[in-house]
Amino acid sequence: MTRANDSVPLLLGHRGARASRHIPENTLESFELCLQHGCDGFEFDVRRSADGRAVICHDSVLGGLEVARTDAEDLRLPLLEQVLLQFSTRAFLDIELKVEGLEKQLVAALRTHPPRRGFVVSSFLGGVLSAVNRLDAGIPLGFLYDQKEQQPPAVALAYSVPHFTLLTGEFVEQFHKAGSKVMTWTVNRAEDMHRLADYGVDAIISDDTELLVQAFR
């Protein structure tokens, strides 16, 4: 059922259109499908290859290859520059840094291809966000939580990004009072999407991009 409410959160695909059985996650094709489904943008994961490239991949090991010890050419993964080139003018981008060592490269890539539809650089690693902030204090940052006890870095956060199971209306209100928007993951049931929207979250990330769009539009 479509939600009859003008206050619609930002709708984002998790690693693109992750629920698709035919297109692999974290690929240019998956990001394209996510937008075709009607999402505002998508979240994707960035790691560092052995030759220092920013590659798009969630797991540290892919097909038996350790990403950090394998050159980008051998991994055959999309590159951060490719994603920015293809989508920076068309989608909100949630760029999750999985590892340290990409901060300078990321800032340079964002200056070359500045996102026009909004973006956030997110991470579980507070040190990574602090490093990005030192390089460019204007880059919006998001800290990922999977436990309420996690301590955010001592930088201004554009978004707090807790797992949806942590959220209550009171928790969302606390983030907002602290000056941070709330983005939550990974929400795959329509009833949870509606409940979180009622809490006032600002963005919802889902594997099921078709369901996400149907719930609100």
Side-chain angles (χ1 to χ4, degrees), residues 1-19 25-26 30-31 34 37-46 58-59 91-98 115 117-130 132-133 139-217:
M1 181 178 67
T2 301
R3 175 186 171 87
N5 191 322
D6 292 336
S7 180
V8 175
L10 202 62
L11 307 181
L12 305 176
H14 186 220
R15 309 179 201 171
R18 190 178 182 220
E25 64 180 45
N26 271 331
S30 187
F31 303 153
C34 170
H37 287 164
C39 285
D40 300 299
F42 50 86
E43 176 271 349
F44 63 100
D45 306 288
V46 188
H58 179 269
D59 296 336
F92 183 100
L93 302 177
D94 174 9
I95 307 166
E96 183 182 341
L97 296 183
K98 304 296 288 186
R117 301 289 298 274
F119 75 103
V120 62
V121 175
S122 64
S123 185
F124 282 103
L125 306 174
V128 165
L129 298 181
S130 295
V132 172
N133 183 254
I139 291 178
L141 303 175
F143 185 61
L144 284 149
Y145 296 80
D146 55 11
Q147 301 177 44
K148 283 189 176 182
E149 295 76 20
Q150 286 174 255
Q151 293 299 312
V155 296
L157 294 175
Y159 285 91
S160 296
V161 194
H163 190 267
F164 83 96
T165 56
L166 300 178
L167 283 178
T168 63
E170 182 180 1
F171 203 19
V172 171
E173 185 177 359
Q174 289 174 4
F175 282 126
H176 284 160
K177 285 183 177 179
S180 172
K181 294 182 180 180
V182 179
M183 177 183 292
T184 190
W185 52 284
T186 302
V187 190
N188 293 328
R189 298 194 309 168
E191 54 265 41
D192 291 326
M193 295 171 185
H194 293 160
R195 174 175 54 82
L196 292 161
D198 287 338
Y199 288 166
V201 301
D202 302 282
I204 294 176
I205 300 171
S206 178
D207 292 329
D208 195 336
T209 47
E210 288 184 291
L211 176 65
L212 180 63
V213 171
Q214 290 168 5
F216 293 100
R217 295 177 177 162

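Note that the coordinates shown come from a computational prediction; the quantities given were computed from them, not determined experimentally.
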Is there side-chain contact between [X] and [Y], with heavy atoms separated by less than 4.5 Å?
X    : Y    : result
F92  : V120 : yes
M193 : L212 : yes
V121 : P140 : no
I95  : V46  : yes
F143 : S123 : no
Y145 : W185 : no
M183 : I205 : yes
T186 : N188 : yes

Evaluate the criterion side chain to side chain contact (heavy atoms under 4.5 Å, CB included) for residue pair H58 and N26; output intermediate values, then yes/no. CA-CA 8 Å; H58 179 269; N26 271 331; 3.9 Å; yes

Are L196 and V187 close enough, and set up right, to give a side chain to side chain contact (heavy atoms under 4.5 Å, CB included), and what steps lead you there? CA-CA 9 Å; L196 292 161; V187 190; 3.6 Å; yes

Over 60° means perpendicular and under 30° means parallel, so classify the ring planes of F44 and F42, tilted if in between. tilted

Below 4.0 angstrom, N of the basic side chain to O of the carboxylate: do [X] and [Y] qualify?
X    : Y    : answer
R195 : E191 : no
R18  : D207 : yes
R15  : D45  : yes

Let me have the donor-acceptor pairs involving side chains of residues 160-171, under 3.5 Å, with sequence neighbours excluded, atom names and distances please.
unit_1, atom_1, unit_2, atom_2, d
S160, OG, S180, OG, 2.9
H163, ND1, T165, N, 3.2
H163, ND1, T165, OG1, 2.8
T168, OG1, E170, N, 3.4
T168, OG1, F171, N, 3.1

Steps toward side chain to side chain contact (heavy atoms under 4.5 Å, CB included) verdict (V155, L141): CA-CA 8 Å; V155 296; L141 303 175; 3.8 Å; yes

Could you check whether Y159 and F119 have their ring centres less than 6.0 Å apart? no

Could you tell me the separation between the [atom1] atom of [X] and the [atom2] atom of [Y], rounded to the nearest 0.5 Å?
X    : Y    : atom1 : atom2 : value
T184 : D202 : OG1   : CG    : 11.0 Å
H37  : Q214 : NE2   : CD    : 9.5 Å
D208 : R189 : CG    : CZ    : 13.0 Å

Any side-chain to backbone donor/acceptor pair from [X] onto [Y]? Under 3.5 Å, distance only.
X    : Y    : answer
T209 : C34  : no
D40  : L11  : yes
H194 : A215 : yes

Got more than 12 heavy atoms from elsewhere within 6.0 Å of NZ, K177? no

When you look at S122 and E96, which way does the side chain to side chain contact (heavy atoms under 4.5 Å, CB included) test go after all the steps? CA-CA 5 Å; S122 64; E96 183 182 341; 3.5 Å; yes

Partners meeting ring pair (Phe, Tyr, Trp, His ring centres under 6.0 Å) with H176 (sequence neighbours left out):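 Counting only residues at least two positions away or on another chain, H176 forms no ring pair (Phe, Tyr, Trp, His ring centres under 6.0 Å).
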
